[in-house]
Protein chains: 2
Amino acid sequence: MRLTTKGRYAVTAMLDLALHSDQGPVSLSDISNRQGISLSYLEQLFSKLRKRLLVTSVRGPGGGYRLSRSNDDIFVAQIVDAVNESVDATGCKGRSDCQSGNTCLTHHLWCDLSDQIHDFLSQISLEQLVHRNDVRQVAERQNFESRQSCFDSDKIRAAIVD
Amino acid sequence: MRLTTKGRYAVTAMLDLALHSDQGPVSLSDISNRQGISLSYLEQLFSKLRKRLLVTSVRGPGGGYRLSRSNDDIFVAQIVDAVNESVDATGCKGRSDCQSGNTCLTHHLWCDLSDQIHDFLSQISLEQLVHRNDVRQVAERQNFESRQSCFDSDKIRAAIVD
DNA sequence: TAATAACCTACTAAAATAGTCGGGTAAATA
DNA sequence: TATTTACCCGACTATTTTAGTAGGTTATTA
């Protein structure tokens, strides 16, 4: 079962995109600032998300990324699947050759678990997440912090100019 | 979320123990032969399983391991928990400090998922697994193969003596 | 044309996994 | 009592994955 920061970062970034989609394309550096994820790492993740047609990109100044579908048509499972190979809990990726060509003793148990996890994450859309209270609260804090840091960096820039 | 061969091996080994518990203590080398898991690796895993009081050990010739409780009182979640630190899907281990001290945007989602997985694995006992058809079939094949390999190694030994 | 931001490839440090190796120690049996 | 069996323990290691860097190219807009 593969569910690490990679998948978590991807979902977090996509949710950030959903939360700020009203302001036109969202740049990766904005996401990087708000979510504390390194820019280059985000680039790698969004390359995969784009290939899976979950986002579309706009180049040049004022560019960034947009969700390719509406919030209620993108599900957490799709995002995790896009960046990890799968959310498979078996070691053999469902091929049933876990014990040197044969099925291992617990193969079916891990298949059941994989289904369970996949079903759970397949039912959660970005739309649902956007409306959760805990998400809204964290998002509000992040917006405030990122405005602050813009203000701070403006002050620093001004100081340098002086 | 940590669920790799480590946890899978542990559950497989414990299930092997449950399947052969009628024949007295089961040695790790038996489990190693039947399940294709390296002996030294099994030793590491069983050290943890013993500390969590899931198995008891019997030393000396004819010794091995026994389940410390009945099959219906040992659950898959307990086994996985014993060898991994947890089946936690969050990156912060539930501490809510995922984004440099603060809660990250998707923290609660991963908490929900962790609960989901834990609930699922907490409901599955070794007793249930022992009675599954797919498990019985694999176990039967493994018993046959391990008898074969004993027979083979006897023949080899006899050939060497000659 | 200067700045911005996506896009792309290759590299790398750190961590975790999945072991190996070499020695113990305790208990049973011959 | 000697030997065997099998648990016990710690240190070491190869491989893989994760997470992140570095350095460039391409497209767009002001």
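Predicted, not measured: the structure shown is a model, and the values here were computed from it.
- For dC7(D), the OP1/OP2 oxygens have no side-chain nitrogen or oxygen of Arg50(B) closer than 4.0 Å.
- With hydrogens and angles ignored, a donor-acceptor pair closer than 3.5 Å exists between the side chain of Glu43(B) and the base of dC9(D).
- Distances shown here put every side-chain N or O of Tyr65(A) at or beyond 4.0 Å from the OP1 or OP2 atom of dA5(C).
- For the pair Leu45(A) CG and dC8(C) P, the interatomic distance rounds to 15 Å; values are reported in whole Å.
- In this structure, Ser38(B) reaches the sugar-phosphate backbone alone: every heavy-atom distance under 4.0 Å involves primed, P, OP1 or OP2 atoms, never a base.
- Contact between the side-chain N/O atoms of Arg66(B) and the OP1/OP2 oxygens of dC7(D) is not found at any separation under 4.0 Å.
- No donor-acceptor contact under 3.5 Å links the side chain of Gln44(B) to the base of dT17(C).
- A donor-acceptor contact closer than 3.5 angstrom is absent between the side chains of Ser40(B) and Ser38(B).
- A distance of 10.0 Å separates CH2 of Trp110(A) from CD1 of Ile117(A), quoted to the nearest 0.5 Å.
- For Lys48(A) and dC7(C), the NZ to P distance is 16 Å, given to the nearest whole Å.
- Distance CZ (Phe46(A)) to P (dA6(C)): 9 Å, rounded to an integer number of Å.
- Counting any heavy atom pair closer than 4.0 Å across all strands shown, Ser40(B) reaches a base atom.
- Atoms CG and CG, on Leu17(B) and Leu28(B) in that order, are 8.5 Å from each other to the nearest 0.5 Å.
- Across the protein-nucleic acid pair, Leu39(A) atom CG and dA22(D) atom P stand 12 Å apart, rounded to whole Å.
- Rounded to whole Å, atom C1' of dG19(C) lies 11 Å from atom CG of Leu42(B).
- Comparing Ser47(B) and Gly7(A) by the nucleotide of DNA chain D that holds the closest heavy atom to each, the one mapping nearer the 5' end is Ser47(B).
- Considering only heavy atoms from C-beta on, Val130(B) comes within 4.5 Å of Leu15(B) through its side chain.
- The closest side-chain donor-acceptor pair between Thr56(B) and Ser68(B), if any, does not fall under 3.5 angstrom.
- Contact annotation: Ser57(B) reaches the phosphate of dC8(D) (side-chain N/O to OP1 or OP2, under 4.0 Å).
- Distance, Ile37(B) CD1 to dT17(C) P: 16 Å, rounded to whole Å.
- One atom, OH of Tyr41(B), and another, P of dT15(D), lie 16 Å apart when rounded to the nearest Å.
- For dC8(C), neither phosphate oxygen OP1 nor OP2 lies less than 4.0 angstrom from any side-chain nitrogen or oxygen of Arg59(A).
- In this entry the distance linking CD1 of Ile31(B) with P of dA6(D) reads 12 Å, nearest Å.
- Note on Tyr9(A): every side-chain N or O is 4.0 Å or more away from OP1 and OP2 of dT18(D).
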